[in-house]
Amino acid sequence: MIDESTVNHVARLARLRLTPDEQQVMREELSGILEHIDAIRAMDLDGVEPTTHVIAVENVLRPDVPRPGLSRDDALREAADVVDGSFGVPRMD
Amino acid sequence: MSLRDLSAVEQIAALEAGETTSLELVDAHLAAVEADDVEAFLAIDAEGARARAREIDAMPSRPALGGVPIGIKDALSTRDVVTTSGSRMLEGFRPVYTATCVQRLQDAGAIVVGKTNMDEFAMGSSTENSAYKNTLNPWDHGRVPGGSSGGSAASVAQRQVPWSLGSDTGGSIRQPAALCGIVGMKPTYGAVSRYGLIAFASSLDQVGPFSRTVADSALLLKHMVGRDPMDSTSLDWPGEIALPTATDMSGLRVGVVEELMGEGIEPGVKAAIEASLRTMEDLGATVVPISLPTSLSGLATYYVLAPAECSSNLARFDGIRYGPSVDADNLLDQYEITRGDLFGPEVKRRIMLGTFALASGYYDQYYGRAQKVRTLMVQEFAQAFEQVDLLASPTSPSVAFPLGDRTADPYAMYLADVCTIPVSLAGVPAISIPCGLSDGLPVGLQLAGPAFSENRLFDAAHAIEQAIAFDTRPPGLAT
Amino acid sequence: MSAYEPVIGVEIHVQLSTRTKMFCGCELSFGDPPNTHTCPVCLAHPGVLPVVNEEAIRRALVIGLALGCEIAPRSIFHRKNYFYPDLPKAYQVSQFDIPICGRGEFTAIREDGSELTVGITRAHLEEDAAKLTHEGGRRAGAEGSVVDFNRGGTPLVEIVTEPDLRSGSDVATFLRQLRQTLLFLGVSDCSMEEGSMRADANVSIRPVGSHELGTKTELKNMNSFRFLERGIEAEIARQERILSEGGRISQETVHYEPETGHITSLRSKEESHDYRYFPEPDLVPVVPDPAWVESLRAEQPELPVPLRRRMVAEMGLSAEDAEVLTESPELVEYFMQAAALADPKACANWIRGELRAQLRETGEEPWQSKVTPAHVAALVDLLAAGTVSVPAAKEVLAGMIQTGDQPAAVVESKGLAAMDDGDLAAIIAELVAANPDQAQQLRDGKDKVLGFFVGQAMKQTGGRANPQSVQKLVREAVLGE
């Protein structure tokens, strides 16, 4: 069972605000899922290399040639807050 | 017989023969799309579709896909057409670009009529995690269509479109295809560009077709595959996807995955699969049992890797550059309230799980180990394909389940993908075709092959399809 | 002598001056209106994917080779996950355990001529963040910040050193010469003011003789080497004060305020960062072709530090000459072309001295001016041959800057050729006659008075007298030598 402080720490890392009820449910559900997942912690994996890609491809590179991008209007058109051609964000503290 | 009963290949032939026009086809399908009896669509682009149909009808010669309508999963970016990925996080979002695979199909003459419903950010197996609505199974409106590409599957089964696009991370094309009684194909990882597919788990995501015939899926895939300079993991498909013509399976060795035919598989599903194995033998295939022991760890492996990648992929959603945002007067609130309010419960669950699996102190135990299990899975599949040409199993352990049946228990929902996940982890192609009914509901047969064996899969599936002659028309669908 | 020894390592971020960004085809720009160089990829729109810029790989390799780094036969990218408005994906694509360039070493030369060797831990590729401006933003009427994504996604090479440095002045020496080296490689503009080169220093102190590392603080983002040097010295002093008073150093990020000389804490690292690094699934490994790496090694230009050694040892230049002339690759090239044609030491003097002084008015650099290296060499030769005097040569130079003519042509057109001794002798005779007191002083053995005659002769001739000739002729006239 993962504890409350772990749930809170992970929620903060993920920038998810959970209500107290959600925290409790999350704790129970994650604990339940982790019990199933624990199967892989018991496996003998000594000497096994990790797989990041199932395809054996390397050196996929792009020539340093400019491509047309977005107009500023298109870049900003879905933004919640536009300030003089820039994206507005709330103050940080 | 209405235009909507024709397969895509038949519709193209009718267009070529001058028996119909693209506009007529689009109008016929749009009527069903707009009625939307199974709640398959999130957005409809009637005007855009009709305009494009008129354009194509006016062309001196028709493009390869003729001007036939298609439905697109809402996980694929379509310029100026609202794209939500089933989430409130993208409510009203109009993308500034179109996904490569969609663009290729449009260039080849496919006409997008709308965007189909899905589990939020493709996380789910019933489409009940959509932030907008439940899609109904055309075979039984009290049941789920599967997921996450439930809208794409239901729309094809309901004959609102002859074909559609879905995306498959752990089974999100194959499982809903099985539950809706249609064909669904997950190509080799890298065969179709992911550029414009709103990422769930990057190392597993693939775009693929839904259709009512095997040949239609092959035709759609043929026009999507190939390297895209915008996707570093996309590959040149060796050769060309051919339209299947095979009517037998002589010379093919089929391995039946023992681990996926035992506990947890519904008896009715198992019976239908066994019947189709006999059909394969009748068609000349050699059917042998084969063991893939690591597949039993597939679900656990997947539920580390996919949430971990999703926790990072979904971090960009913060309400600043796009999407709705909440009123926040400082940055932390901006992030936490936007994401806390606008993500649904399953998405939050997976982000939490994935963040945990990558966190300091847990990485080696979870993510690191899961990547190693994936290595074993890849090796096991490679060894299996030294002995057999194809692997066979059920696509889903059960037929379509009632709406609301599994929403309270996340892990019960996860089990719906137990047969499809090992294939996803191995990165190989697989197809699901309807092979019979259990209690009046469709059962899907999954065939998997080695990387780039799409043509072999289509041929085998075509032979079985012809032999079984499954009727894809849901019983309640008016003729 | 302090009881403590400072231990300093630095992290340097270098923006590569490629045409396009690290992972998309947007053009790099500086000073353009905000958000005019963006695309769905660098704005992190849903569904986009990165593709590596080949030129960024090439430049990272060039840097690694110049720093003597081991080049990784296979390197991969990782995602570094954290939320900040200047990081649109909420992860930075960077490198983690397998950087493209591994261990290396860089040797700089201190002012006193001694060598300063610094271990390089690694040099890796990553993408730059966007530009976040804290003032001027507003949101729903409240205070806020604004983000400009033009810079977001610029290729960066991060160079990390071993904690081998022991003083602020060594850090400044190392960084200046590293910067020079990078300029010679042509990989970056390396402008501290514009932020295309940024340095952070990790500073700790330990009792002299100890080999354990103390708690370090991170001195962030100084925009000049001078401030960084002063900041490090101030931070060392602060740490010494704390330890000598029995206090403890807390691991934190600090900032140096040049106006007051004070160190302030930016934020305590109590909420420790957990970047959740994992291999970037959207990118494939980079496996540089060994033949490519070898050709880059072969094409490497002569770098400033070895070049300076050679200038002193083989060309007779002073250490200071060498330092000044290796300031930029263009200046070295200019000097080398002149030095190939005439006396290197004299060329060095004229280029770093009079030429640069005269060009200050127009703001041009020597290689941008009308004066070619061949002109400089020709002028040096004219001087050596006694055809012009030094003051005349300065005028010739001024003429060349204006017209771009050959020095001989300027001498001709301005009539600056040194007078022949016959003409000069008549003038000297008059001068000696007109100044009997000074002539007597010379007879009394006061050689200093020769300077008076040279000055007078110059005045009379409009600078065309050769000072050596004047001295010789005055002696002949007065002393009969």
Side-chain angles (χ1 to χ4, degrees), chain A residues 2 6-7 9-19 22 25-27 29-30 32-43 45-63 67 70-71 73-81 87-93, chain B residues 93-94 96 189-190 203 229 232-233 235 296-297 299-301 303-304 311 315 318-325 328-337 339-341 343 345 348-349 351-353 355-356 359 365-366 368-376 378 410-411 414 425-428 451:
Chain A
I2 60 174
T6 305
V7 168
H9 171 67
V10 171
R12 169 54 59 90
L13 276 178
R15 295 294 186 271
L16 290 174
R17 187 155 301 172
L18 304 179
T19 64
E22 279 182 308
V25 171
M26 195 66 84
R27 194 177 153 213
E29 288 175 343
L30 290 186
I33 295 164
L34 285 173
E35 265 177 49
H36 293 283
I37 288 174
D38 275 347
I40 65 166
R41 294 172 67 191
M43 293 174 75
L45 297 169
D46 282 354
V48 180
E49 286 296 312
T51 291
T52 298
H53 294 102
V54 288
I55 48 166
V57 176
E58 48 203 32
N59 293 334
V60 177
L61 306 174
R62 171 178 65 78
R67 281 172 54 98
L70 293 174
S71 68
D73 286 348
D74 268 358
L76 295 166
R77 80 176 196 189
E78 297 292 318
D81 185 30
F87 294 86
V89 292
R91 73 188 156 83
M92 12 214 125
D93 36 18
Chain B
F93 171 63
R94 291 175 310 129
V96 294
Y189 182 82
S203 75
S232 310
T233 63
L235 301 165
L296 295 173
S297 309
L299 209 59
T301 305
Y303 277 98
V304 173
S311 73
D318 56 17
I320 293 173
R321 283 149 294 124
Y322 43 78
S325 97
D329 66 356
N330 71 66
L331 187 64
L332 189 63
D333 282 353
Q334 166 80 28
Y335 285 130
E336 291 195 336
I337 299 176
R339 295 166 57 78
D341 282 3
F343 282 138
K348 284 193 264 193
R349 193 148 47 228
I351 290 174
M352 289 287 290
L353 187 56
T355 304
F356 174 80
Q365 293 174 62
Y366 290 101
R369 290 187 75 82
Q371 282 196 312
K372 290 179 180 179
V373 180
R374 190 169 187 186
T375 303
L376 297 182
V378 169
Y411 198 76
Y414 297 173
L425 291 169
V428 298

Portion of A/V7 that has a non-hydrogen atom of chain B nearer than 4.5 angstrom: both
If I measure from the heavy atoms of chain B, does A/R41 come under 4.5 Å with its side chain, its backbone, both, or neither? both
With the side chain counted from C-beta on, respond yes when A/I33 and B/R349 share a heavy-atom pair under 4.5 Å apart, and no when they do not. yes
Need one label for A/T6: side chain, backbone, both or neither, based on atoms under 4.5 Å from any heavy atom in chain B. side chain
Which of B/G427, B/S232, B/G368 touches chain A most, by non-hydrogen pairs under 4.5 Å: B/S232
Is there side-chain contact between B/T233 and A/V57, with at least one heavy-atom pair below 4.5 Å? no
Please name the pair of heavy atoms, one in A/L34 and one in B/Y366, separated by the smallest distance, quoted to 0.1 Å. CD2-CE2, 3.9 Å
Side chain, backbone, both or neither: which part of B/P229 has an atom under 4.5 Å from a heavy atom of chain A? neither
Looking at A/D74 and B/V96, what are the two nearest heavy atoms and their distance? O-CG1, 3.7 Å
When only pairs under 4.5 Å are counted, which of B/A300, B/G323, B/P345, B/A370 shares the most heavy-atom pairs with chain A? B/A300
Does either side chain, that of B/Y322 or that of A/R77, offer a donor lying less than 3.5 Å from an acceptor on the other one? no
Given B/L376 and A/M43, is the side chain to side chain contact (heavy atoms under 4.5 Å, CB included) satisfied, shown in steps? CA-CA 11 Å; B/L376 297 182; A/M43 293 174 75; 4.2 Å; yes
What's the shortest heavy-atom distance between A/T52 and B/S203, and which atoms? O-CB, 3.9 Å
N-O pairing of B/D333 and A/R17 below 4.0 Å: yes
Is A/E35 atom CD crowded by more than 12 heavy atoms from other residues, nucleotides or ligands, each under 6.0 Å away? no
pair A/L16-B/F343: side-chain heavy atoms closer than 4.5 Å: yes
Give the intermediate values and the outcome of side chain to side chain contact (heavy atoms under 4.5 Å, CB included) for residues B/L332 and A/R15. CA-CA 8 Å; B/L332 189 63; A/R15 295 294 186 271; 3.6 Å; yes
Does any backbone or side-chain atom of A/R27 lie under 4.5 Å from a heavy atom of chain B? Answer side chain, backbone, both or neither. neither
Just give me the residue among B/G340, B/A451, B/A315, B/P324 that pairs up with chain A most often, heavy atom to heavy atom, under 4.5 Å. B/G340
Between B/K348, B/R374, B/R94, which has the largest tally of heavy atom pairs under 4.5 Å with chain A? B/R94
What are the two closest non-hydrogen atoms of A/A14 and B/T355, and how far apart are they? CB-OG1, 3.6 Å
In Å and rounded to the nearest 0.5 Å, what is the CE to CG distance from B/M352 to A/L13? 9.5 Å
Going from CZ on B/R321 to CG on A/L76, what distance comes out if it is rounded to the nearest 0.5 angstrom? 12.0 Å
Can we call the ring centroids of B/Y303 and A/H36 under 6.0 Å apart? no
Report yes if the side chains of A/I40 and B/Q365 come closer than 4.5 Å at any heavy-atom pair, otherwise no. no
Between B/Q334 and A/P90 the two heavy atoms that sit nearest each other are OE1-CG, 3.5 Å
With a 4.5 Å limit on heavy-atom distance, are the side chains of A/E29 and B/L353 in contact? no
Of the listed A/D38, A/L61, A/L45, A/V60, the one with the largest count of heavy-atom pairs under 4.5 Å with chain B is A/L45
Shortest non-hydrogen separation from B/G319 to A/A80 and the atoms involved: O-CB, 3.5 Å
With a 4.5 angstrom heavy-atom cut-off, which part of B/Y411 approaches chain A: side chain, backbone, both or neither? side chain
For B/L425, is it the side chain, the backbone, both or neither that has a heavy atom under 4.5 Å from a heavy atom of chain A? backbone
